[in-house]
Q: 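This is the structure I have questions about; it appears just below.
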Protein chains: 2
Amino acid sequence: MERFREYMRDRNLPLTHQREAVASAIFYSEEHLSVDDIEAALRGNEVHVGKATVYRTLDLLVRAGLVDEHDFGEGFRRFEPLSARTHHEHLICTSCGKVVEFTSERIERMKALIADEHGFRHHHHRLDIYGVCGDCQEHAVEPSETRRSELGRGSR
Amino acid sequence: MERFREYMRDRNLPLTHQREAVASAIFYSEEHLSVDDIEAALRGNEVHVGKATVYRTLDLLVRAGLVDEHDFGEGFRRFEPLSARTHHEHLICTSCGKVVEFTSERIERMKALIADEHGFRHHHHRLDIYGVCGDCQEHAVEPSETRRSELGRGSR
DNA sequence: ACCGGGGTTGAGAACCGGTTTCAAGCGGGA
DNA sequence: TCCCGCTTGAAACCGGTTCTCAACCCCGGT
């Protein structure tokens, strides 16, 4: 949050109430928030924030490198604070939608190596593993196909 | 292509001209095609194929396991034939959009291991590495920022 | 404090992949 | 060849995201 204020100050960008509201909504959450989630969290707040501004501020935060943007194939994006935490990957349950985060030093090293091999200057990457979590494997009736059409298609 | 006919025959699904046209457009391409690309490739063909049918046939092909679906964050999907080729990962140039494919046995093993560790029954995964390719690093004027907004946004 | 102007905001409209609808048209077994 | 059920196409629809533009606010200069 302080890093956000600093970023804005550095480039002489106005620090409006709306921007602070959106930024704090994200920074004080550990979840992967959708735009709907953010709007809901802001509702009832004394500062009203329009949808357009939420999107614009998210853009700003992503460009600032303070927020990370994800697409879990639900048809809309999710955002999470990048704070001081290191980069991590996602394990997504195709049955219940649960998202588990993990990190792997070996993967970090490997992706750098691979980028190098192909002459790429590495920038960022995304590794998402889809499967069925332990809970769903128990009380499940072969959900993989069913859920796939909900997740994959669905779209806009 | 023959695998497609076989698949349709096996489950008594009508093999229409439209379906053959869409399938061959994909199977005879080495690219990652967007729906626009496919429609363009089909234009001028004697068999006219509507947009809805292109989507429906793609769905069919994906479910059949003959075509793979990708989202490179451009705001729309791309498709590629899965033929007999093994699963592979993507290296995407954020400057010119070029996509390089690669495979890594180590990554395959690692993702299975990681899914196991978290009690997930592994299904599929996606690893995309974003960076700047060799060509773009030469005649480049720090394109990362510019291109990001072109690639990343677009969406819906 | 006050001013002024350039960046920001909000409501709604526009946009755009993608999906659904439904009447008309085919495929292919009998 | 007949017929039924699945498929097709055009257009309407959907929902997330972006654009528009007049009103508004942040903030440096005074």
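The figures that follow rest on heavy atoms only: side chains count, while hydrogens, waters and symmetry mates do not. First the proteins, then the strands, lettered A, B, ... as listed; each starts at 1. These numbers come from a predicted model, not from an experiment.
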Q: Measure the CZ-CG distance between A/Arg121 and A/Asp116 for me, rounded to the nearest 0.5 Å.
A: 11.5 Å
Q: Give the rounded distance in Å between these two atoms: CZ of A/Phe76 and P of D/dT18.
A: 15 Å
Q: Does D/dT18 have OP1 or OP2 under 4.0 Å away from a side-chain N or O of A/Tyr55?
A: no
Q: With the sugar-phosphate defined as primed atoms, P, OP1 and OP2, and the base as all remaining atoms, what B/S/- string results for nucleotides 6-11 of chain C, 5' to 3', for protein heavy atoms under 4.0 Å?
A: -SSBBB
Q: Look at B/Arg9 and C/dG29 and indicate whether a side-chain polar atom (N or O) is within less than 4.0 Å of OP1 or OP2.
A: no
Q: Measuring only between side-chain heavy atoms, which start at C-beta, is B/Arg77 closer than 4.5 Å to B/Tyr55?
A: yes
Q: Compute whether any side-chain donor of one residue and acceptor of the other, for A/His17 and A/Glu46, lie under 3.5 angstrom apart.
A: no
Q: Taking all heavy atoms of A/Lys111 and all of A/His125, pick out the closest pair and write down the distance.
A: CD-ND1, 3.1 Å
Q: Just say parallel, tilted or perpendicular for the rings of A/His32 and A/Phe72, cut-offs at 30° and 60°.
A: perpendicular
Q: Atom CD of residue position B/Glu108 - does it have more than 12 heavy atoms of other residues, nucleotides or ligands inside 6.0 Å?
A: yes
Q: Would you please confirm or rule out a distance under 4.0 Å between OP1 or OP2 of C/dT19 and any side-chain N or O of B/Arg77?
A: yes
Q: Using whole Å, what does the distance between atom P of nucleotide D/dG16 and atom CZ of A/Phe79 come to?
A: 13 Å
Q: Nearest whole Å is fine: how far is D/dG16 C1' from A/Phe72 CZ?
A: 17 Å
Q: Rounded to the nearest Å, what distance is computed from the CD1 atom of residue A/Ile38 to the C1' atom of nucleotide D/dT17?
A: 14 Å
Q: Would you check if the distance from the ring center of A/His124 to the ring center of A/His87 is below 6.0 Å?
A: no
Q: Over how many whole Å does the gap from A/Leu58 atom CG to D/dT18 atom P extend?
A: 10 Å
Q: If you assign B/Leu15 and B/Asp36 each to the DNA chain C nucleotide with the nearest heavy atom, which residue ends up on the more 5' nucleotide?
A: B/Asp36
Q: Which whole-number value in Å describes the distance from A/Arg5 CZ to D/dC27 C1'?
A: 17 Å
Q: Specify the separation, in whole Å, of atom CD of B/Glu39 and atom P of D/dG9.
A: 11 Å
Q: Roughly how many Å is it from CD in B/Glu20 to C1' in D/dT8, rounded to a whole number?
A: 16 Å
